[in-house]
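One structure is given below, encoded as structure tokens.
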Amino acid sequence: MKLLLDTHILLWTAGQPEKLSETTRTLLTAPDNSLFFSAASIWEIVIKLGLGREDFKVDPYRLRKMLVMHGYTELPVTAEHALRVDSLPPLHKDLFDRLLLAQARSEGMLFITGDASVIQYQESVLAV
């Protein structure tokens with residue numbers, strides 16, 4: 001299964017694994033699953049770190065390096081992904097989450113999130 005991780009799941013995986021549910025840990029360690037992170041998540045981290053957000057205090061350069069080192073695949077943002085945002089109903093206003101979900105749908109992936117607002121979309125979303 002191809003899994004695209006929401007930004008908060010990436011941050012927890014890297015720095016606060018105790019916040020991950022047992023289900024999430026199982027998904028992330030299952031050998032048949034392919035793990036992906038989006039360039040949009042790195043962009044989100046850079047922006048929110050620059051704004052001084054306490055929950056985004058991570059070195060984005062190191063995070064990216066470590067994700068790749070641990071077998072995660074980086075998913076670039078394409079024009080197709082951006083266009084797919086238009087197909088999402090306005091259930092959630094967070095632009096990063098909407099782009100991540102559009103990417104997951106475009107690429108036939110499951111979007112792993114704990115965000116209740118994103119879970120409303122249901123299709124291609126796995127609530128953890």
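When a residue number appears, it is its place in the shown sequence, counting from 1. Every value quoted in this text rests on a predicted model; they were computed, and no experiment measured them.
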ask   = Thr7 and Lys48: side chain to side chain contact (heavy atoms under 4.5 Å, CB included), yes or no, with the steps?
value = CA-CA 11 Å; Thr7 306; Lys48 292 181 177 177; over 6 Å; no

key: Heavy-atom side-chain contact between Met109 and Leu3 under 4.5 Å   = no

query = Does Leu63 belong to the same Ile/Leu/Val/Met/Phe/Trp/Tyr cluster as Trp43, with side-chain heavy atoms less than 4.5 Å apart forming each link?
reply = no

request  = Give a yes or no on whether the backbone of Pro17 and the side-chain of Arg25 come within a donor-acceptor separation of less than 3.5 Å.
outcome  = yes

ask   = Can you check whether Glu123 reaches Leu101 side chain to side chain, under 4.5 Å on heavy atoms?
value = no

ask   = So, Tyr121 side chain and Pro89 main chain: donor-acceptor pair closer than 3.5 Å or not?
value = yes

request  = Decide side chain to side chain contact (heavy atoms under 4.5 Å, CB included) for Phe111 and Arg105; before the verdict, give the C-alpha distance in whole Å, the side-chain angles of both, and the deciding distance to 0.1 Å.
outcome  = CA-CA 8 Å; Phe111 184 49; Arg105 287 184 175 184; over 6 Å; no

request  = Flag the pair Leu110 / Met1 as yes when at least one side-chain heavy-atom distance between them is below 4.5 Å, and no otherwise.
outcome  = yes

key: Connected-component partners of Met66 among ILVMFWY, side-chain separation under 4.5 Å   = Met69

task = With sequence neighbours left out, write down each residue that passes side-chain hydrogen bond (donor to acceptor under 3.5 Å, both in side chains) with Asp97, or none if nothing qualifies.
result = His92

ask   = Is it true that Lys2 and Glu107 have a side-chain N and a carboxylate O under 4.0 angstrom from each other?
value = no

task = Apply the test side chain to side chain contact (heavy atoms under 4.5 Å, CB included) to residues Val128 and Ile9: give CA-CA distance (whole Å), side-chain angles for both, the deciding distance (0.1 Å), then the verdict.
result = CA-CA 9 Å; Val128 293; Ile9 301 294; 3.9 Å; yes

Heavy-atom closest pair, residues Arg98 and Pro90 = NH1-CA, 3.9 Å

task = Show the numbers, then the answer: is there a side chain to side chain donor-acceptor pair (under 3.5 Å) between Ser38 and Ser41?
result = CA-CA 5 Å; Ser38 174; Ser41 288; 5.1 Å; no

query = Atom CZ of Phe36 and atom CG of Leu75: how far apart are they, to the nearest 0.5 Å?
reply = 7.0 Å

remark   = Nearest heavy-atom contact between Phe56 and Leu49 is O-CD1, 3.2 Å

message = Is the shortest side-chain heavy-atom distance between Leu27 and Leu126 below 4.5 Å?
response = yes

query = With side chains defined as the heavy atoms from C-beta onward, is the minimum distance between Leu28 and Leu20 less than 4.5 Å?
reply = yes

ask   = Between the side chains of Thr26 and Thr23, is a donor N or O closer than 3.5 angstrom to an acceptor N or O?
value = no

query = Under a 4.5 Å side-chain heavy-atom rule over Ile, Leu, Val, Met, Phe, Trp and Tyr, are Phe96 and Ile42 clustered together?
reply = no

remark   = When every non-hydrogen atom of Gln103 is compared with those of Leu4, the smallest separation belongs to CB-CD2, 4.0 Å

query = Shared ILVMFWY cluster between Leu5 and Val58, side chains joined below 4.5 angstrom?
reply = yes

ask   = Linking Ile, Leu, Val, Met, Phe, Trp and Tyr by side-chain heavy atoms under 4.5 Å, what else ends up with Val77?
value = Val85, Leu99

query = Does Leu91 belong to the same Ile/Leu/Val/Met/Phe/Trp/Tyr cluster as Val125, with side-chain heavy atoms less than 4.5 Å apart forming each link?
reply = yes

task = Give the C-alpha distance, both sets of side-chain angles, the deciding distance and a yes or no for side chain to side chain contact (heavy atoms under 4.5 Å, CB included) between Leu100 and Asp6.
result = CA-CA 7 Å; Leu100 293 169; Asp6 198 348; 3.7 Å; yes

query = Which pair of heavy atoms, one from Ala102 and one from His81, lies closest together, and at what distance?
reply = CB-O, 3.5 Å

ask   = What are the two closest non-hydrogen atoms of Pro76 and Ala39, and how far apart are they?
value = CA-CB, 4.3 Å

ask   = Is it the case that one hydrophobic cluster holds both Leu35 and Ile45, taking links as side-chain heavy atoms less than 4.5 Å apart, direct or via other members?
value = yes

